[in-house]
Amino acid sequence: MKAAVNQKLTEMGERDRLKELLRAKLTECGWKDQMKAHCKEVIKQKGLEHVTVEDLVVEITPKGRGTDHCCLTSALITAPGRPPSTSR
Amino acid sequence: MKMEDMPLSGPDNTKLESLVHDIYSELVEDACLGLCFEVHRAVKQGYFFLDETDQESMKEFEIVDQPGVDIFGQVYNQWKNKECECPNCKRLIAASRFAPHLEKCLGMGRNSSRIANRRLASNNNMSKSESDQEDNDDLNDNDWSYGAEKKAKKRKSDKNQNSPRRSKSMKHKNGELGTIVTSEPYKYNFNTGISYETLGPDEVRSLLTTQCGVISEHTKKMCTRSQRCPQHTDEQRRAVRVFLLGPSAPTLPDADPVVENDGFDIPDGQTLMSRLQWEDSSDISPTDSASSKASTNPSDSRRPKKKKRPSLGLNSGGGGGGGGGSSSLTGGSSSSQSNISLSTKKKRPKLSAPSIPSIYDDLN
C-alpha cells in the first residue's frame, strides 16, 4: 500500500510539491543552517581535502532526522491543498 | 482535504498516520541528501569557507547583541542630543535640525527663497494698499494690481483685450447695468479691482484722481486702470466719483487730448484737424453733456467714450494715451501724432463724436 501511495503521489506531482515545501520550511526554521554548521565541524575534523559525500551523509542524516522537526509533520499534513490519500 | 477531516476508523487512522510519517521521513532524507551534495560540492569547489576569514577579523565584526546598541555596536541616537554651532548666526542648533536651519539662515535653499518671496509679496501688498496713490502714479497705469501674482494675469488680460481679433461684440463696457457680459469682462475685473468700501474718503479721492475707479457690477470693485481706460466711459467715471465723494466731487482728469474715433484711419492730419474742430463744437449725446461738466485732471489723460460705442480695449501709451480706433486729436498735441500711428493699426467700429469736446475746450 505504501508503494501505491508513493506512486500516486509522484504521479500527481504532489511529492515534488511537498518536497519543496519541506525544504522551505526547514530553511525557515533554521534547520538547514544548523546542519551546515555540523557539516563544517565534520569537515574540519576530517580535513578539507578528503571529505566525501558519504561521510557527510552518514553524519548528517541521523542528526537531521533527530533534530526537532517533528512539528513539521503536522504542518506538512495540514498544508493547504494537500490532496486526500485515496488508496486504502 | 485534510487528513483529519476524513472520517477514519481507529486502525485506519494509525495506519494513515504511520504512512504519513513514512512519507515525511523520506522527504526529510531527501532534503538531507540534497544538503550534503550542496556542501560537498562547495567544499570541493573551494567556496564553502569563503565567508569565513581569519579569527581576528571574525572577532572584530562579530554581531553585537547588547541593548542600546545596534548589531554593529553603534549607539543609534548618538547625535540626537548633540548641538552644533551655526557658522552664520552663531547659535547652538540641535544636530537633526541643523541642515534646515542652515538653509534658512544662509538663504540658499530652495524653500527659503520661496518663503522669502512670498513674504516680500505680502509685504508689498500691505504697504501698497496703504501708501499714497499719487506716488505710484506712473506705475499705476494698467499695472496697479491687487497682489503681486495678479500683476501677470492682469497684463496678460490687457494684452488680449486689444488684439485685433477681438470681435466687436466682445468690447462691451463693463460696470454698466444690463451689459451683455462675456467671460472676459469677468476675468478682467476679477484681478484688477479694489473695494471702495475699505477705503477712507481721502484714499478714495486720491485713487479716483489717478484711476478709472468705475465700480464693476459683478465684483463691486473699482476699476484700477488709468483714467483713460477703454472699458469705461467718462460718464461712468463721473458717476462713480459722484457716488463716492458726493456731488462736489472733483471732475474727471483729462490731461492729454486724445479721443478715439470709429474706424477712422487718419489719412491726413489736416483733415483730422478740421474734423476735430467740428467735433469740438458739437455736443453729440446727452451723455456727453454730462461729461462736459467734468473738469480736467492733471494727472492722467483720458479717452472719452460714448455710451453707444462698444468699449475698445486700448492700453494707454506713453504720454498721450493709446489711441482708440482712430483718434480725433486736438491740434498741437504731440501725443496726437503717436495716437495717429496707433490708431491706424486698428479698425474700430464707427464711433459717434467723442464725448470730451468740452474738456478739450479747456485745454485749447
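A note on names: the letters A, B, ... follow the listed sequences, proteins ahead of strands, and every chain is numbered from 1.
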Using every non-hydrogen atom in the two residues, find where [X] and [Y] come nearest and quote the distance to one decimal.
X       : Y       : result
B/Leu27 : A/Leu18 : CD1-CB, 3.8 Å
A/Lys40 : B/Phe49 : CG-CE2, 3.8 Å
B/Glu26 : A/Asn6  : OE2-ND2, 3.5 Å
A/Leu26 : B/Ala31 : CD1-CB, 3.9 Å

Hey, are the side chains of [X] and [Y] touching, using non-hydrogen atoms and a 4.5 Å cut-off?
X       : Y       : result
A/Val57 : B/Glu29 : no
B/Val39 : A/Ile43 : yes
A/Leu22 : B/Tyr24 : yes

Side chain to side chain contact (heavy atoms under 4.5 Å, CB included) between B/His40 and A/Glu54, intermediate numbers included: CA-CA 10 Å; B/His40 182 257; A/Glu54 285 72 23; over 6 Å; no

Value rounded to 0.5 Å, distance of CD1 in B/Ile23 from CZ in A/Arg15: 8.0 Å

Separation between CZ of A/Arg23 and CG of B/Leu35, rounded to the nearest 0.5 Å: 9.5 Å

[X] atom [atom1], neighbour heavy-atom count above 12 within 6.0 Å:
X       : atom1 : result
B/Tyr47 : OH    : yes
B/Leu92 : CG    : yes
B/Asp65 : CG    : no

Partners meeting side-chain contact (heavy atoms from CB on, under 4.5 Å) with A/Glu41 (sequence neighbours left out): none

